[in-house]
J.: 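Have a look at this one.
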Amino acid sequence: MGKLLLAPMEGLVDDILRDVLTRVGAYDLAVSEFIRVSGSLLPARAFHRVCPELTRGSRTRAGTPVAVQLLGSDPGCLAENAAQLASLSPAGIDLNFGCPAPTVNRHGGGAMLLADPEQLFRIASAVRRVVPAEIPFTAKMRLGMRDTSRTLDCARALAAGGVVSLVVHARTRAEGYRPPAHWEWVARIDEVVQFPVTANGEVWTTDDHVRCCSLSGCPDVMIGRGAVADPFLARRIRALAAGEELASDRSSDWRRLQPLLASFWLQVCAKVSPRHAPGRLKLWLGALRRTFVEADVLFLAVRELRGADDVTRMLDRHGVLRLPAPA
Ligand SMILES: Cc1cc2nc3c(=O)[nH]c(=O)nc-3n(C[C@H](O)[C@H](O)[C@H](O)COP(=O)(O)O)c2cc1C
């Protein structure tokens, strides 16, 4: 089967969730959330903050390589920062041409650039010049701003600019995150470029994965929200492709997830202030509710809690943590 990539998700998947999800899911590659580049050369610590994996050979604890994503609109500034990033030996350098956020788009970054294939070319070729051949230089794009009239021009511009592969989130900016994703458009892009194209968008189940590969004609798939909602999805996709019958049901998966939920929470408490830690757990539990009824119960139990200690006690009460009994 093809590759499975864990999608970048700013504000949702950071190094902690990458750690947990790649321990369960056996992804071939993860991409960091975007690092915004505008006007100045970022210090090394700015790259390390978003991708602490850089200090471990740019891999998660499970060994999954992590590429680092940059977002910006100025070719010179992006190139300067890409050179700085390259000196930290990331597993890849990826450029974001899909972010729909108004604050990012107002500065001409993310999906806005899809209206201007010539600028895409200028950016990609400027960055290409500074990224050594041994570091994969890639891009991630949506189909366009409002429509698909320039989709193929954008893909060709990135190819001419020297990227070695492309992830296509198969929706326009205007379509936001609403289904469907137009996987057949990934096939059209694949026809006009010479390198591997990865399909992305709306893969939540093993069936979605099969249909996505078939309609896009691409074996490689990047999974975003589906990976967060169902940490076992990648494993199930692989088992199905290998012809194995995966002897698991939702409630045994939930039990298997408990040590990882505990690990997630402990890592969050070590990294984030006690005031902000509960929000991080609620965000993941909110996504897990889509897959597990038990996550719904836990989500409702912690929803109103504000302090990290209260959340820890609640997780213990639900059997997620094994706290030492009080003396
Ligand atoms: C909360 C959130 C944050 C995201 N952040 C990024 C990002 O930093 N860089 C990026 O290229 N895409 C980002 N995306 C888009 C995802 O990588 C992916 O393309 C999109 O969610 C579609 O895939 P899915 O349907 O499997 O979720 C984000 C998506 C979400 C929902």
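Remember, it's 1-based here, ligands and their atoms both numbered in the order they're listed. Counting begins at 1 with the first residue of the sequence. Model, not experiment: these values are computed from the prediction.
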J.: Below 4.0 angstrom from a heavy atom of Arg225, which ligand 1 atoms are there? Numbered from 1 as shown, please.
T.: 21 (O), 24 (P), 25 (O), 26 (O), 27 (O), 31 (C)
J.: Which of the numbered atoms in ligand 1 are under 4.0 angstrom from any heavy atom belonging to Asn96?
T.: 9 (N), 10 (C), 11 (O)
J.: How many angstroms lie between atom CG of Leu281 and atom CZ of Arg303, to the nearest 0.5 angstrom?
T.: 14.0 Å
J.: Do NZ/NE/NH1/NH2 and the carboxylate oxygens of Arg56 and Asp19 come within less than 4.0 Å?
T.: no
J.: Under 3.5 Å, N or O to N or O, is Gly224 touching ligand 1 that way?
T.: yes
J.: Hey, is Glu10 touching ligand 1 through its side chain, its backbone, both or neither, going by heavy atoms under 4.0 Å?
T.: both
J.: Is the shortest N/O to N/O distance between Glu202 and ligand 1 below 3.5 Å?
T.: yes
J.: Looking at Phe232, is Arg238 sitting on its ring face, NZ or CZ under 6.0 Å from the six-membered ring centre and within 45 degrees of the normal?
T.: no
J.: Looking only at distances, can you tell me whether any N or O atom of Phe34, backbone or side chain, sits closer than 3.5 Å to an N or O atom of ligand 1?
T.: yes
J.: Regarding atom 15 (C) of ligand 1: of the candidates Arg36, Lys140, Met9, which has the closest heavy atom?
T.: Lys140
J.: At under 4.0 Å between heavy atoms, which part of His169 makes contact with ligand 1: side chain, backbone, both or neither?
T.: side chain
J.: Quick one: which ligand 1 atoms are inside 4.0 Å of a heavy atom on Arg171?
T.: 22 (C), 25 (O)
J.: Are any of the side-chain nitrogens in Asp94 or Lys140 under 4.0 Å away from the carboxylate oxygens of its partner?
T.: no
J.: Measuring from Asn200:CG to Arg171:CZ, what's the distance to the nearest 0.5 Å?
T.: 7.5 Å
J.: Mind listing the closest non-hydrogen atom pair of Gly286 and Phe299 along with its distance?
T.: N-CD1, 3.8 Å
J.: Taking NZ, NE, NH1 and NH2 as the nitrogens, is one of them in Lys271 or Asp15 under 4.0 Å from a carboxylate oxygen of the other?
T.: yes
J.: Quick one: ring-ring contact (aromatic ring centres under 6.0 Å, His included) partners of Phe292, sequence neighbours excluded?
T.: Trp254
J.: Could you check whether any heavy atom of Gly11 sits closer than 4.0 Å to an atom of ligand 1, since that is the contact criterion I want to use?
T.: no
J.: Is there at least one pair of N or O atoms, one from Pro8 and one from ligand 1, spaced under 3.5 Å apart?
T.: yes
J.: Look at atom 11 (O) of ligand 1 and say which protein heavy atom is nearest, naming residue and atom and giving the distance to 0.1 Å.
T.: Gln69 NE2, 2.8 Å
J.: For Ala7, counting its heavy atoms only, list the atoms of ligand 1 lying under 4.0 Å from any of them.
T.: 17 (O)
J.: Taking only distance into account, with no hydrogens and no angle test, what donor-acceptor pairs under 3.5 Å do side-chain atoms of residues 179-193 form with protein atoms, sequence neighbours excluded?
T.:
residue, atom, partner, partner atom, Å
His182, NE2, Glu175, OE1, 3.2
His182, NE2, Glu175, OE2, 2.8
Trp183, NE1, Gly201, O, 2.8

J.: Of all the non-hydrogen atoms in the protein, which one sits nearest to atom 29 (C) of ligand 1, and at what distance?
T.: Tyr177 OH, 3.3 Å
J.: Are the side chains of Glu33 and Gln69 in contact, using a 4.5 Å heavy-atom criterion?
T.: no
J.: Specify the protein heavy atom at minimum distance from atom 19 (O) of ligand 1: its residue, its atom name, and the distance to 0.1 Å.
T.: Asn200 OD1, 2.6 Å
